Amino acid sequence: MNAGKRASIYAILGIGGVGLTTYFIYLMLEADSMRLVDGTKLVFLGAACLMFFASISNLMIAFALEFGRVTEVVGMQSCAELRRDGDIVRKNARIRLIRNLDADNSALNSDQKILIFLAGWRPASCAESGVMLRM
């Protein structure tokens with residue numbers, strides 16, 4: 001699956017999560033009129049919080065796949081340089097929270113596997129073969 005299609009799927013999941021979050025908040029606020037017990041409000045609040053964080057993470061992954069795509073990540077994890085087609089996109093970016101989306105799929109080669117990471121608190125993505133970080 002290419003990065004554009006994957007970004008669309010994550011964006012749809014994120015928008016759907018925001019919709020479910022607002023629905024759970026509505027149910028929490030209307031629990032008295034539906035004659036639900038007070039513990040149900042807490043359950044709806046917890047579900048709304050979980051859905052909110054899940055939808056934000058899905059939207060961040062969609063943003064990284066669509067707009068934060070780089071071809072190379074060079075340097076150390078505390079001070080990396082991000083490049084797109086030979087041009088330097090960011091210098092001295094601290095790489096945080098690296099996640100391999102295709103870790104379970106052994107049929108893909110390193111050019112097809114995508115890494116998602118935060119570079120200076122901005123989401124970015126790169127092929128696994130383009131990441132050349134020293135520890």
Side-chain angles (χ1 to χ4, degrees):
M1 183 181 314
N2 63 2
K5 186 175 182 180
R6 194 178 263 191
S8 300
I9 290 171
Y10 278 109
I12 290 169
L13 287 172
I15 292 170
V18 170
L20 280 174
T21 301
T22 56
Y23 182 65
F24 284 136
I25 290 172
Y26 167 76
L27 288 176
M28 183 189 70
L29 295 175
E30 294 295 322
D32 290 334
S33 65
M34 292 187 283
R35 296 185 185 119
L36 298 174
V37 293
D38 289 337
T40 310
K41 288 182 185 181
L42 188 62
V43 170
F44 285 141
L45 178 65
C49 289
L50 288 175
M51 286 304 297
F52 176 74
F53 288 120
S55 61
I56 292 300
S57 65
N58 281 326
L59 289 172
M60 284 183 68
I61 291 173
F63 183 83
L65 289 172
E66 189 66 31
F67 302 111
R69 190 87 173 144
V70 294
T71 54
E72 286 183 63
V73 180
V74 183
M76 295 187 307
Q77 194 168 355
S78 61
C79 181
E81 187 175 275
L82 279 64
R83 299 179 185 161
R84 183 182 302 134
D85 299 325
D87 297 331
I88 297 174
V89 178
R90 288 194 56 139
K91 274 188 167 182
N92 300 329
R94 183 173 178 198
I95 305 296
R96 297 176 175 94
L97 198 80
I98 299 174
R99 173 79 174 120
N100 188 348
L101 292 180
D102 301 313
D104 298 335
N105 193 352
S106 62
L108 298 176
N109 60 20
S110 63
D111 289 336
Q112 295 170 323
K113 290 185 178 183
I114 297 174
L115 294 177
I116 299 289
F117 53 91
L118 291 176
W121 296 107
R122 291 185 184 149
S125 63
C126 183
E128 190 178 59
S129 61
V131 177
M132 294 168 265
L133 290 175
R134 297 182 310 251
M135 296 296 163

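In this text the structure is predicted, and so the values were computed from the model without any measurement.
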Problem - Donor-acceptor under 3.5 Å (Ser125 side chain, Ala64 main chain) - result: yes
Problem - With Ser129 via side-chain hydrogen bond (donor to acceptor under 3.5 Å, both in side chains) - residues at least two apart - result: Asp111
Practice task
Quick one: pull up CE in Met60 and CD1 in Ile56 and give me the separation to the nearest 0.5 Å.
Solution key: 8.5 Å
Handout entry: Hphob cluster co-occupancy, Leu45 + Phe52, side-chain heavy atoms under 4.5 angstrom
Key = no
Practice task
Quick one: closest heavy-atom pair of Ala62 and Ala7, and the distance?
Solution key: CB-O, 3.4 Å
Exercise for the section: Could you give me the CA-CA distance, side-chain angles and deciding distance for Lys41 and Leu29, then say whether side-chain contact (heavy atoms from CB on, under 4.5 Å) is met? Expected result: CA-CA 8 Å; Lys41 288 182 185 181; Leu29 295 175; over 6 Å; no
Practice task
Decide yes or no for Met34 and Thr40: does some side-chain heavy atom of the first lie under 4.5 Å from some side-chain heavy atom of the second?
Solution key: no
Handout entry: Straight-line distance of Lys113 NZ to Ser106 OG, nearest 0.5 Å
Key = 7.0 Å
Handout entry: Whether Thr71 side chain and Arg83 backbone form a donor-acceptor pair below 3.5 Å
Key = yes
Completion exercise
When every non-hydrogen atom of Ala93 is compared with those of Gly120, the smallest separation belongs to CB-N, 4.4 Å
Exercise for the section: Identify, with sequence neighbours excluded, every residue that meets ring-ring contact (aromatic ring centres under 6.0 Å, His included) alongside Phe67. Expected result: Phe63
Practice task
For the pair Arg90 and Arg122, evaluate side-chain contact (heavy atoms from CB on, under 4.5 Å) and give the outcome as yes or no after the intermediate values.
Solution key: CA-CA 11 Å; Arg90 288 194 56 139; Arg122 291 185 184 149; 2.9 Å; yes
Exercise for the section: Please say whether more than 12 non-hydrogen atoms of neighbouring residues, nucleotides or ligands are located less than 6.0 Å from CZ in Arg94. Expected result: no
Exercise for the section: Measure the CD1-CG distance between Ile98 and Leu115 for me, rounded to the nearest 0.5 Å. Expected result: 7.0 Å
Completion exercise
Taken to the nearest 0.5 Å, the spacing of Leu101 CG from Glu128 CD works out to 11.0 Å
Exercise for the section: Could you tell me whether Asp85 and Arg69 have a side-chain N and a carboxylate O separated by less than 4.0 Å? Expected result: no
Completion exercise
In this structure, OG of Ser8 is separated from CD of Glu66 (nearest 0.5 Å) by 6.5 Å
Exercise for the section: Show your working on side-chain contact (heavy atoms from CB on, under 4.5 Å) between Arg6 and Ile114 and close with a plain yes or no. Expected result: CA-CA 11 Å; Arg6 194 178 263 191; Ile114 297 174; 4.0 Å; yes
Problem - Result of checking Val73, Ile88, Val70 against Glu81 for side chain to side chain contact (heavy atoms under 4.5 Å, CB included) - result: Ile88
Handout entry: Residue pair Asp102 / Gln112, side-chain donor-acceptor N/O under 3.5 Å
Key = no
Problem - More than 12 heavy atoms from other groups under 6.0 Å of CG on Asp104 - result: no
Handout entry: Cluster link Phe24 to Val18, ILVMFWY, side chain under 4.5 Å
Key = no
Problem - Any Val74 side-chain heavy atom under 4.5 Å of Val131 side chain - result: no
Completion exercise
Rounding to 0.5 Å, atoms CG (Leu13) and CG (Leu59) come to a distance of 9.5 Å
Exercise for the section: Before giving the answer on side-chain contact (heavy atoms from CB on, under 4.5 Å), spell out for Asn58 and Phe53 the whole-Å C-alpha distance, their side-chain angles and the decisive distance to 0.1 Å. Expected result: CA-CA 9 Å; Asn58 281 326; Phe53 288 120; over 6 Å; no
Practice task
Kindly give the heavy-atom pair with the smallest separation between Cys126 and Glu72, and that separation in Å.
Solution key: SG-N, 4.0 Å
Problem - Co-membership, hydrophobic cluster, residues Leu97 and Ile61, 4.5 Å side-chain - result: no
Exercise for the section: Could you tell me whether the side chain of Leu65 reaches within less than 4.5 Å of the side chain of Tyr10, counting heavy atoms only? Expected result: yes
Problem - Tyr23 with Phe44, same ILVMFWY side-chain cluster at under 4.5 Å - result: yes
Problem - Phe117 side chain reached by Leu133 side chain, heavy atoms, under 4.5 Å - result: no
Handout entry: ILVMFWY network linking Leu20 to Met28, side-chain heavy atoms under 4.5 angstrom
Key = yes
